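Values reported hereafter were calculated over all heavy atoms of this structure, with side chains retained and with hydrogens, waters and symmetry mates removed. Bear in mind that the values here come from a model prediction, so they are computed numbers and not experimental data.
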Amino acid sequence: MIKVVQWATGGVGRAAIEGVLDHPELELVGAWVHSPDKDGVDLGTLVGRDPIGVTATTDAEALLALDADCVVYSPVFADTSVLRAILRSGKNVVTPLGWFYPRQRDREKFDGVCAEGAVTLHGTGIHPGGLTERLPLVVSALSGSVTGVRAEEFSDIRTYGAPDVVRHWMMFGADPDKARQSTVAAMLAGGYSQSVWMLADELGFDLDPDIRTTHDIAVATAPIESPIGIIEPGQVAAQHFRWEGTVDGEPVITAAVNWFMGERDFDPAWSFGPNGQRFEVEVRGDPGCVLTLSGLHAHDPAEGARRNPSIVATALNCVNAIPYVVAAEPGVRTYLDLPLPAGRAAPHLHRDRRTEVSDTGE
């Protein structure tokens, strides 16, 4: 069994704990928590299940000393000093916080840290991550003479169960000028630009040197009820972000996000259109293809607060990568370096392949 530590137990962390508990090749052996209220709480209890005999701790040093194979690292924001310490302690790391396709200087830096611990670092998730990188590459194999790729998210942020992040980081409900001056677009670009560069490098596009970032805002035209309180007229109610890789100034690879507080009372009058909340992957080529993924969004704020499917999918993309990451050569490893990760059958339907091999004597 692969021994796993969960680092942070917010929405992604709790879903990752559930995923590890249900995965036939993984064993949960610990979890780091920030809040003293969670210190000493059984991890089964923490996610609403029966106790499992493993408790959460605020003691990072104790977890670094623990015998474990991999850490799912998912605090709200990455602390590179902590990440380096985890790697140097001899634990592989899977994280949704970056390192999807770091540029050469950053990659070489972390390759060195990974070499010290003889471990692997892998960045994954869904957006950015699997839906901005892996799926576009898979779909592109159906086309020749590719002229463009787009990966785009359409999400109702009322269903995102992290009000402090929505108000203070995403800047919903803020003055538009303040939102435009915030660091959110630049911070998001740290991940999405890696997606653009991975696609460009693998598909062979000769991009212009800089990724083009655009950030457009719609304001409320009437009071909008939301989980962060009333968004008043004139305040930020919807946002478009785009990261474009260009050739001679023309976009050929686009990663985009559309975050709305509902779909009414906006200026400009944006909407998701008839397909509603979704993720889209488009490849323009011969032939072209558009892939639409539904089912990864909550339908209302209450459901989103309980268990948001996009948060769960982010966590499971990390969890399901663990066996492949642990088996990989040390260093930073991206989708281009690993076999295609897959999920596992539900526990009551799972066949133990290890037992089968043992029984046959192979």
Side-chain angles (χ1 to χ4, degrees), residues 8 10 12 73-84 95-110 121 123-133 136 149-155 157 160 162-201 205 207-219 228 235-247 249 251-261 270 279 310-311 314 332 334:
V12 171
Y73 182 72
S74 62
V76 176
F77 300 108
D79 182 331
T80 55
S81 64
V82 172
L83 182 61
R84 290 188 183 95
T95 179
L97 299 181
W99 297 277
F100 311 107
Y101 191 64
R103 305 310 290 164
Q104 184 174 355
R105 182 177 179 182
D106 195 35
R107 182 164 187 164
E108 289 175 350
K109 183 190 308 179
F110 277 92
L121 169 61
T124 185
I126 60 171
H127 210 277
L131 302 187
T132 53
E133 300 158 17
V149 178
R150 173 181 60 88
E152 190 159 6
E153 173 186 350
F154 301 82
S155 295
I157 297 301
Y160 187 68
D164 287 343
V165 173
V166 171
R167 177 175 287 282
H168 300 299
W169 186 69
M170 293 181 174
M171 303 299 290
F172 280 91
D175 177 83
D177 289 336
K178 183 178 179 180
R180 290 188 184 96
Q181 295 166 12
S182 75
T183 61
V184 61
M187 292 181 69
L188 289 170
Y192 284 101
S193 63
Q194 293 181 44
S195 302
V196 171
W197 281 114
M198 179 186 286
L199 296 181
D201 287 350
F205 284 101
L207 293 189
D208 299 329
D210 298 318
I211 304 299
R212 184 163 66 203
T213 299
T214 58
H215 178 200
D216 298 316
I217 290 172
V219 299
I228 62 170
Q235 295 179 335
V236 174
Q239 301 183 68
H240 283 167
F241 296 90
R242 300 181 80 82
W243 297 272
E244 295 175 319
T246 61
V247 174
V252 293
I253 299 177
T254 300
V257 172
N258 304 275
W259 288 339
F260 298 174
M261 280 291 183
W270 296 338
F279 294 91
S310 64
I311 298 298
T314 299
V332 177
T334 74

More than 12 heavy atoms of other residues, nucleotides or ligands under 6.0 Å from CZ of R103: is that the case?
yes
Heavy atoms from other residues, nucleotides or ligands near OH of Y160 exceed 12 (cutoff 6.0 Å)
no
Could you walk me through whether F110 and R84 pass the side-chain contact (heavy atoms from CB on, under 4.5 Å) check?
CA-CA 8 Å; F110 277 92; R84 290 188 183 95; 4.1 Å; yes
Using the six-membered ring wherever Trp is involved, compare the ring planes of F77 and W169 and label them parallel, tilted or perpendicular (cut-offs 30° and 60°).
perpendicular
Taking the six-membered ring for Trp, are H215 and F241 parallel (under 30°), tilted (30 to 60°) or perpendicular (over 60°)?
parallel
Mind listing the closest non-hydrogen atom pair of [X] and [Y] along with its distance?
X    : Y    : result
G125 : T314 : CA-CG2, 4.1 Å
E152 : N258 : OE2-ND2, 2.8 Å
Q235 : G173 : CD-O, 3.2 Å
T132 : S195 : OG1-OG, 3.0 Å
F100 : P128 : CE1-CG, 3.6 Å

Tell me if a side-chain donor or acceptor on D79 pairs with a main-chain N or O of S81 at a distance below 3.5 Å.
yes
E153 (side chain) donor-acceptor with L131 (main chain) under 3.5 angstrom:
no
Worked check of side-chain contact (heavy atoms from CB on, under 4.5 Å) between R107 and V332:
CA-CA 6 Å; R107 182 164 187 164; V332 177; 4.0 Å; yes
Is there a side-chain contact (heavy atoms from CB on, under 4.5 Å) between D164 and V76? Walk through the geometry before answering.
CA-CA 11 Å; D164 287 343; V76 176; over 6 Å; no
Roughly how far apart are [X] [atom1] and [Y] [atom2], rounded to 0.5 Å?
X    : Y    : atom1 : atom2 : value
I217 : F172 : CD1   : CZ    : 9.0 Å
S193 : Y101 : OG    : OH    : 12.0 Å
R212 : R242 : CZ    : CZ    : 10.0 Å
Q194 : L199 : CD    : CG    : 12.0 Å
Y192 : E133 : OH    : CD    : 10.0 Å
W243 : L188 : CH2   : CG    : 4.5 Å

Given the rule in the side-chain contact (heavy atoms from CB on, under 4.5 Å) test, do Y73 and V82 qualify, once you have shown the distances and angles that lead to the verdict?
CA-CA 10 Å; Y73 182 72; V82 172; 3.9 Å; yes
